[in-house]
Amino acid sequence: MSRSIDYGNLMHRAMRGLIQEVLNRIAKEGLPGAHHFFITFDTMHPDVEIADWLSDRYPGEMTVVIQEWFENLDVSDEGFAITLNFGNNPEPLYIPYDAIKTFVDPSVEFGLRFETQDDEEDDEEIDAALDNAAEAPMDEMVEPAEPEDARKEAEVVSLDKFRKT
């Protein structure tokens, strides 16, 4: 029998319980005010259920946004199911709490990050997510950036043609 208290696991369980309680309220009452969530999760977690095209597109991790349009939010003790819209394609997802890496509500500057023993990232990551969330369009939180070679050349526009003379 261990003679120490595992504060890390106790804290993770409490944080997952908080997420469960928040999602239960949202399922019953909807999102209040400006609240919305960015949830980053491990797409390779064995209990995650997402469409094959999503797991192919986001190998490793994915961030979803729960904001204006969502359906079928069903919260359980192990995780939650939800239908989200990806480019006018409604897709059902199941995300176990154990797969969640970050949970952020930028409307109130609140964020949680779940660390593993292998995770050496520092607390500035959540601060950066909060700072960038308000500035970034929702597409950027869900869609990956195009590879450098896929970008088109920028068109240079002279501002002189817009000046009043």
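Positions are given from 1 along the sequence. Given the structure is predicted, the values throughout are model-derived calculations rather than measurements.
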field: Ring center gap for Y94 and F80 short of 6.0 angstrom
entry: no
- request: With rounding to the nearest 0.5 Å, note down the distance linking CD1 in I82 to CD1 in I95.
  value: 7.5 Å
message: Could you tell me if the side chain of D98 sits less than 4.5 Å from the side chain of F41, heavy atoms only?
response: no
task: Find out whether I26 and P32 are in side-chain contact, i.e. whether some heavy atom of one side chain is under 4.5 Å from a heavy atom of the other.
output: yes
message: What verdict does the side-chain contact (heavy atoms from CB on, under 4.5 Å) test give for W53 and F86, after you've listed the backbone C-alpha separation in whole Å, the side-chain angles of each residue and the deciding distance to 0.1 Å?
response: CA-CA 11 Å; W53 73 270; F86 296 91; 3.7 Å; yes
message: For S107 versus A34, what's the shortest heavy-atom pair and its separation?
response: CB-O, 3.3 Å
query: CZ/R25 to NE2/H35 distance, rounded to the nearest 0.5 angstrom?
result: 10.0 Å
statement: Between Y97 and L23 the two heavy atoms that sit nearest each other are CE2-CD1, 4.5 Å
- request: Scan D52, I50, D56 and name whichever one has a side-chain contact (heavy atoms from CB on, under 4.5 Å) with L54.
  value: I50
- prompt: If we only count heavy atoms from C-beta on, is the P96 to V48 side-chain gap below 4.5 Å?
  reply: yes
field: Note, K101 side chain near D42 side chain (heavy atom, < 4.5 Å)
entry: yes
- request: State, with a plain yes or no, whether a side-chain heavy atom of F103 is found less than 4.5 Å away from one of V22.
  value: yes
message: Applying side-chain contact (heavy atoms from CB on, under 4.5 Å) to M15 and M11, what does each step give before you reach the verdict?
response: CA-CA 6 Å; M15 292 181 346; M11 182 61 77; 3.9 Å; yes
field: N89 side, atom CG; T83 side, atom OG1 - distance, nearest 0.5 Å
entry: 12.5 Å
Between CG on residue D105 and CZ on residue F37, distance to nearest 0.5 Å: 5.0 Å
- prompt: What's the verdict on side-chain contact (heavy atoms from CB on, under 4.5 Å) for L112 and I19, showing C-alpha distance, side-chain angles and the deciding distance?
  reply: CA-CA 9 Å; L112 299 172; I19 293 171; 4.0 Å; yes
message: Please find the pair of heavy atoms, one from V75 and one from A27, that lie closest to each other, and give the distance.
response: CG2-CB, 4.5 Å
- prompt: Do T43 side-chain atoms and Y58 backbone N/O form a donor-acceptor pair below 3.5 Å?
  reply: yes
- request: State, to 0.1 Å, how close P106 and H36 come at their nearest heavy-atom pair, and which atoms those are.
  value: CG-NE2, 3.3 Å
task: Working to the nearest 0.5 Å, report the span between CE of M62 and CZ of R57.
output: 9.0 Å
message: Would the distance check show the side chain of R113 and the main-chain N or O of T102 forming a donor-acceptor pair, the cut-off being under 3.5 Å?
response: no
query: How far does CG of L31 sit from CD of E68, to the nearest 0.5 angstrom?
result: 10.0 Å
Stepwise side-chain contact (heavy atoms from CB on, under 4.5 Å) check, I100 with T40: CA-CA 6 Å; I100 295 175; T40 301; over 6 Å; no
- prompt: Hey, any chance F114 and M44 share a hydrophobic cluster, counting ILVMFWY side chains that come within less than 4.5 Å of each other, even indirectly?
  reply: no
